[in-house]
Chemist: 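Right, I'll just put the structure down here and ask away after.
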Amino acid sequence: MKFKSDFLQTLDERGLIHQGTNLEGLDQRLAAGVVTGYIGFDATARSLHAGSLIQIMLLHWLAETGHRPIALMGGGTTKVGDPTGRDQSRALLTDSEIDANIRSIKGAFERFLNFGAGGAIMANNDDWLSRLSYVEFLRDYGSLFTINRMLTFDSVKLRLERESPMTFLEFNYMLMQAYDFHELHRRHGCALQMGGSDQWGNIVNGVELCRRKDGAEVFGLTTPLLTTASGKKMGKTESGAVWLNADMTSAYDYWQYWRNTGDADVGAMLARFTKLPMAEVSRLAALGGAEINEAKKILATEATALLHGRPAAEEAAETARRTFEEGASASGLPTMTVSRAELDAGLPLFRAFAETGLIASNGEGRRHITAGAIRVNDVPRTHENPLTTDELVDGAIKLSVGRKKHALVRAI
């Protein structure tokens with residue numbers, strides 16, 4: 001579909017559109033003037049992780065194409081817990097914990113959005129949800145939602161199919177999210193709610209509530225759920241979440257996360273998580289063989305620059321270059337040289353660490369794994385699986401124990 005609006009055209013080119021309630025109508029509204037749109041983020045931790053980036057980029061592109069984004073913090077809904085994609089209820093946080101999380105999260109948003117006068121808005125749904133009278137809410141809104149319809153939404157249906165208990169508290173979440181859209185439309189003229197495809201049912205509820213309660217046509221838009229070509233969920237590594245706050249994931253570790261992108265995912269990641277022109281994205285995605293590593297470095301630097309700033313991204317890239325490309329001669333790192341055939345067969349993990357002098361015995365290696373001190377290519381190793389050619393970065397594998405002891409395994 002060819003779009004008239006810059007916003008939808010940009011999202012379409014970058015593979016960020018999954019479905020919409022009325023894409024043609026939304027396109028016309030966007031082309032006609034400024035549209036205010038929002039995405040909700042619950043404050044369950046003091047940082048969002050890389051899995052939230054696809055939604056943050058939507059808000060960023062909304063602003064870049066002349067519209068007004070709202071980052072809605074779920075100060076109220078966090079008290080309930082979103083059941084989507086979960087088998088267990090979330091641990092409930094105190095008001096002070098939620099407020100502290102929201103303050104901490106805002107710093108990452110400020111890298112992507114301008115919250116100055118006339119710019120983006122950061123709202124908190126606790127401002128209205130905690131002031132609702134329950135009986136009044138049931139009277140005014142309860143009759144607009146049917147249990148029959150709610151049971152058809154994936155967020156509920158999948159839980160029931162897996163026979164996972166779902167509390168009435170969680171069941172109310174979709175009503176609260178629908179009310180958010182109604183309230184943001186009333187307060188800010190918000191006409192667009194966006195989210196991941198798993199939020200489709202919640203978004204449709206909000207669109208219908210605005211139609212029935214406000215007599216307004218508003219719109220819903222979802223992105224694809226982002227997984228890698230191997231099926232892994234975006235934003236997770238073996239060591240856990242890739243956080244957006246620098247004190248939880250450093251600029252260097254963040255750079256390495258993107259540098260370790262699989263060959264098959266480079267094009268999609270460049271399109272969705274950098275601002276490079278699509279012609280350049282296509283050129284880089286088409287590179288083959290060893291050249292694809294150059295595309296991965298550009299991806300890592302561009303993605304890191306958006307979050308941590310250009311100087312921090314370039315410093316991370318230079319640190320990686322010195323470690324992996326110059327190797328032992330530049331960094332004085334102990335180096336073990338093995339054949340590619342040996343790596344293909346699987347090089348025992350503790351043998352590599354022992355022969356480079358990082359550990360003295362298998363027992364010491366296991367203690368370091370338990371303590372989270374062993375790293376391979378700067379990623380904590382939680383198992384004893386052998387090293388393979390899949391882990392080569394520019395012809396080498398970096399081994400670390402703690403933050404100060406490093407070595408290289410080079411393949412010839």
Chemist: With Ser47, which residues qualify under side-chain hydrogen bond (donor to acceptor under 3.5 Å, both in side chains), at least two apart?
Modeler: Asn245
Chemist: Return yes if a side-chain donor-acceptor contact under 3.5 Å exists between Trp61 and Asp6, otherwise no.
Modeler: no
Chemist: Going by atom types alone, do Asp126 and Ser130 pair a side-chain donor with an acceptor below 3.5 Å?
Modeler: yes
Chemist: Any ring-ring contact (aromatic ring centres under 6.0 Å, His included) pairs touching residues 298-319, not counting sequence neighbours?
Modeler: Tyr254-His308
Chemist: Compute whether any side-chain donor of one residue and acceptor of the other, for Gln199 and Thr222, lie under 3.5 angstrom apart.
Modeler: no
Chemist: Could Asp265 and Arg272 be called an ion pair, given the rule that one side-chain N must be under 4.0 Å from one carboxylate O?
Modeler: no
Chemist: Tell me yes or no: between the side chains of Gln193 and Gln177, is some donor less than 3.5 Å from an acceptor?
Modeler: yes
Chemist: Under the side chain to side chain contact (heavy atoms under 4.5 Å, CB included) rule, what do Gln28 and Glu24 come out as? Steps first, then yes or no, please.
Modeler: CA-CA 6 Å; Gln28 291 174 355; Glu24 185 175 349; 4.0 Å; yes
Chemist: Over all heavy atoms of both residues, which pair between Cys190 and Val218 is shortest? Give the atoms and the distance, please.
Modeler: O-CG1, 4.0 Å
Chemist: Which is it for Glu280 and Arg283 under the salt bridge (charged side-chain N to carboxylate O under 4.0 Å, His left out) test, yes or no, and what are the steps along the way?
Modeler: CA-CA 5 Å; Glu280 178 66 0; Arg283 184 189 72 80; 2.8 Å; yes
Chemist: Which residue in the set Leu192, Val35, Asp12, Leu26 passes side-chain contact (heavy atoms from CB on, under 4.5 Å) when paired with Phe7?
Modeler: Leu192
Chemist: One thing to verify: whether Glu294 and Lys297 come together as a salt bridge, which I'm taking to mean a side-chain N less than 4.0 angstrom from a carboxylate O.
Modeler: yes
Chemist: Sequence neighbours left out, what passes side-chain hydrogen bond (donor to acceptor under 3.5 Å, both in side chains) with Asp390? Give chain and number order.
Modeler: none
Chemist: Could you tell me if the side chain of Trp255 sits less than 4.5 Å from the side chain of Thr319, heavy atoms only?
Modeler: no
Chemist: Go through the steps for Leu306 and Phe273 under the test side chain to side chain contact (heavy atoms under 4.5 Å, CB included), then give the verdict.
Modeler: CA-CA 9 Å; Leu306 279 176; Phe273 300 110; over 6 Å; no
Chemist: Please assess Val379 against Glu391 for the test side chain to side chain contact (heavy atoms under 4.5 Å, CB included), listing each intermediate value before the final yes or no.
Modeler: CA-CA 11 Å; Val379 177; Glu391 294 171 291; over 6 Å; no
Chemist: Could you go through the salt bridge (charged side-chain N to carboxylate O under 4.0 Å, His left out) check for Glu355 and Arg351 one step at a time?
Modeler: CA-CA 6 Å; Glu355 290 194 19; Arg351 177 188 155 199; 2.8 Å; yes
Chemist: What's the shortest heavy-atom distance between Gly33 and His67, and which atoms?
Modeler: O-CE1, 3.2 Å
Chemist: Between Glu291 (side chain only) and Leu287 (backbone N and O only), is there a donor and an acceptor less than 3.5 Å apart?
Modeler: no
Chemist: Is there a donor-acceptor contact under 3.5 Å from the side chain of Thr249 to the main chain of Val242?
Modeler: no
Chemist: Calculate, to the nearest 0.5 Å, the distance between atoms OG and CG belonging to Ser197 and Leu221 respectively.
Modeler: 11.0 Å
Chemist: Are more than 12 heavy atoms, taken from residues, nucleotides or ligands other than Gln9, located less than 6.0 Å from that residue's CD atom?
Modeler: yes
Chemist: So Tyr38 and Ile121, side chain to side chain contact (heavy atoms under 4.5 Å, CB included) or not? Walk me through it.
Modeler: CA-CA 9 Å; Tyr38 90 97; Ile121 298 169; over 6 Å; no
Chemist: Are His182 and Tyr141, when compared by the centres of their aromatic rings, separated by less than 6.0 Å?
Modeler: yes
Chemist: Donor-acceptor pair, Arg68 side chain versus Thr36 backbone, under 3.5 Å?
Modeler: no
Chemist: Is a salt bridge present between Arg186 and Asp214, judged by a nitrogen-to-oxygen distance below 4.0 Å?
Modeler: no
Chemist: As a test of understanding, state which of Asn362, Leu387, Leu399 forms a side-chain contact (heavy atoms from CB on, under 4.5 Å) with Phe353.
Modeler: Leu399
Chemist: For Thr301 and Ala313, work out which heavy atoms get closest and say how close.
Modeler: O-CB, 3.4 Å
Chemist: Only one of Arg310, Arg259, Lys275 passes salt bridge (Lys or Arg N to Asp or Glu O under 4.0 Å) with Glu302; say which it is.
Modeler: Arg310
